[in-house]
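All remarks here apply to the structure that follows.
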Amino acid sequence: MPESKEPQRKTLDERNQMSDLERLRHSTAHVLATAICRLWPDAQFAAGPPVENGFYYDVDLEHRISPDDFEKIEAEMKKVVKENQTFERMIVGRDEAMEMAQKGRLAAEMERGTPSHFKIDLLNDIPEDEEISIFKNGEFWDLCAGPHVGRTGNCKAYKLMSVASAFYKGDAANPQLQRVYGTAFKNKTELGEHLERLEEAKQRDHRKLGKELDLFHIDEAVGQGLVLWKPNGAVIRQELQNFIGEHLDRQGYSQVFTPHIGKLDLYRTSGHFPYYADSQFPPIAEREAMKALSDEGCSCGELSNKLESGEVAGFMLKPMNCPHHIKIFQSNHHSYRDLPVRLAEFGTVYRWEQSGELGGMTRVRGFTQDDAHIFCTEEQVKDEIMGCLELVKIVLGTLGMDDYRVRVGLRDPDSTKYVGDSEKWDRAEQALREAASTLGTDFAEEPGEAAFYGPKIDFVVKDVIGREWQLGTVQVDYNLPERFGLEYVGADNSSHRPVMIHRAPFGSMERFVGVLIEHFAGKFPIWLSPEQVRILPISEKFVDDADVVYEKLREAGIRVTCDKADEKVGAKIRLAQLDRIPYMLIIGAKEQESNQVSIRHRDRGDEGSMPVDEFTNRIVEEVRSRSL
RNA sequence: GCCACUGUAGCUCAGGGGUAGAGCAAUUCACUCGUAAUGAAUAGGUCGUCGGUUCAAUUCCGACCAGUGGCUCCA
């Protein structure tokens, strides 16, 4: 989520490239600060940059700003705008600026008893050779590189959106500030349109639709971030799995099944335990060992130490499927003639995500990856990656998801978290780059986005509120084959180390379906619709006729129901529309007479009538072709 | 994990120191109906959990659990 990251210090050049809208938003942030300053003169301000769709300003303040305060703050902002103050840029010397800050004059309308301490800190961050500028609007002076619009009167279309918490400079070791978010546009019309879009977005939130359409449920008693797929959601998931399954066959994959747990030693070998213990569910200790330890009066802390050191044996809920697949690969001898070996599994994994991170289906603690591991020779890497990318493209194309970006995740040269030697990393990164360039889509190389074991290509989409989610992923791994000592016999009759590729076109079923719900706003294409056709008899008199049609559709493999409720057809249609049923079949006297069905589509409305068999053929074809 | 807010019927929400209310859904009855809501009746809740204050707590306070918005994190 790059837009949520603390902005890097921008160079003056970069700042001057700010778009008009960004300028306006940044200026509106100053108007906000001015207003807050007037209402709470002891407020201490940190940074107030423009962000996507708006701006924020970080403020340290005894008073807890709540949405109830927004009206008051906005009223004060309105006054500042009405005063139509000029934004005035003033270049000052470092000492002069420091003196102002010491007197509390920065990000304030007057000198105060306490220094503007965040501004002092920011001042110290400014490189020696850069000039220091103060922006003034009225009596509000702020340390700021700008740029700004001409006058506060230009900021006339804004709205405060929310107040949240943020660590100063994005560092959890720093104090937490109150971050007031606002949105701002050129004029009231554009602001109105933006607010309308947000309202629409709220309507397609997968958490709301998931409840309304009975797709999934997360229950307190089961646990945070553990998704219960209800029958309707399960249909969608199963259809997606079938869809992928067909392509697995086509691409030469072998499907496997593996258990949900594995011994701690397995993960010691893979390097995930105890290295990543914080992001896993706690280990499961063996009963005998637990009993012996408790007889000895061993504390929980000691137990966990002994689990970590290996003195006590235990199991772990699998945080990934790779070690299991590796063990399947290792259970046979392999010649170069066997490669690539492609093992696929819809494998459920468990990860201990921080509680504050969980939400809906997109960030959970137990999820099923449409996972596969490819074991191949170094020469095969590029082709295999291209095959994986092809699959991701088929998946996203079939679903009409073209609004994604491709990210090639490379290692961060300054970090030490990566495993394996750098020559292998270089080769892997190069292979990914080459494969990505055949994709026909723009991609961005992002240092620091690699997994600890290898570089990767991710497909990232945005949800309705603009948050980015990683879906499909293809990752090269030179590390696990090393750790597990994987081998194959080459043409030279000596043993070689295979390369591993991890890949998941959906990423996780949970996240993917969550994103899919929002993508379609609940109106799934017919092949994914939990209920494809609903028959609506006009009155009880036509229930028998409806039953005949129902049976025919069922036999053709269509997911169909019949609404026999004692209601007018208008009410039944309304209900079916709310349930986003693709096709409604209306059956009354006319249809009985002509032996036809009347068709209503959820978007296209009344489509006239035709014989049942003709309709059945049409639906079956629509499902088979997975048309959108 | 951190900060803030929220938790009342299956769902959406109102209320508030004296053990609760609406709409929709559900059930029953009447109506037998033509492309987004027929009418009436009935039933439904330990007011998230556990403690504290109080004659009295769903309401006030605290802790915990869960959700939401951010931050940090994300093999």
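First the proteins, then the strands, lettered A, B, ... as listed; each starts at 1. What you are looking at is a predicted structure, and each value in this text was computed from that prediction instead of being measured.
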Quiz item: Distance under 6.0 Å and angle within 45° of the ring axis: does A/R179 meet both against A/Y56?
Solution: yes
Quiz item: Rounded to whole angstroms, how far apart are CG on A/D219 and C1' on B/G48?
Solution: 12 Å
Practice problem: Indicate, with a heavy-atom threshold strictly under 4.0 Å, whether A/G454 touches base, sugar-phosphate, or nothing. | Solution: nothing
Self-check item: Rounded distance (Å) that lies between atom P of B/U35 and atom CG of A/L536
Solution: 12 Å
Quiz item: Between atom CD1 in A/I535 and atom P in B/U35, what is the gap in whole Å?
Solution: 19 Å
Self-check item: Distance, rounded to the nearest Å, where A/I573 contributes CD1 and B/G34 contributes P
Solution: 11 Å
Quiz item: Ion pair present between A/K202 and A/E199, side-chain N to carboxylate O less than 4.0 angstrom?
Solution: yes
Quiz item: Whole-Å distance between B/U32 P and A/F542 CZ?
Solution: 13 Å
Quiz item: How long is the line joining CG of A/D214 and C1' of B/C11, in whole Å?
Solution: 11 Å
Exercise. Once you apply the 3.5 Å cut-off to both distances, tell me the Watson-Crick or G-U wobble partner of B/G69, or none.
Key: B/C3
Exercise. Examine the side chains of A/D371 and A/N321 and answer whether a donor and an acceptor come within less than 3.5 Å of each other.
Key: yes
Practice problem: Run the salt-bridge test on A/R207 and A/D205 with the 4.0 Å N-O cut-off and return the result as yes or no. | Solution: yes
Self-check item: Any A/K568 side-chain nitrogen or oxygen under 4.0 Å from OP1 or OP2 of B/U35
Solution: no
Quiz item: To the side chain of A/D606, which of B/C65, B/U35, B/A37 is closest?
Solution: B/U35
Quiz prompt | Interatomic distance, A/D545 CG vs B/U32 C1' [rounded to whole Å] | solution = 14 Å
Quiz item: If you check the A/Q224 side chain, which of B/U12, B/C2, B/G67 turns out closest?
Solution: B/G67
Quiz item: The side chain of A/F167 lies closest to which of these nucleotides: B/G1, B/G70, B/G7?
Solution: B/G1
Quiz item: Looking across every strand, which nucleic acid part, if any, lies under 4.0 Å from A/S279 by heavy atom: base, sugar-phosphate, or nothing?
Solution: base
Quiz item: Atom CH2 of A/W469 to atom P of B/C73: distance rounded to whole Å?
Solution: 15 Å
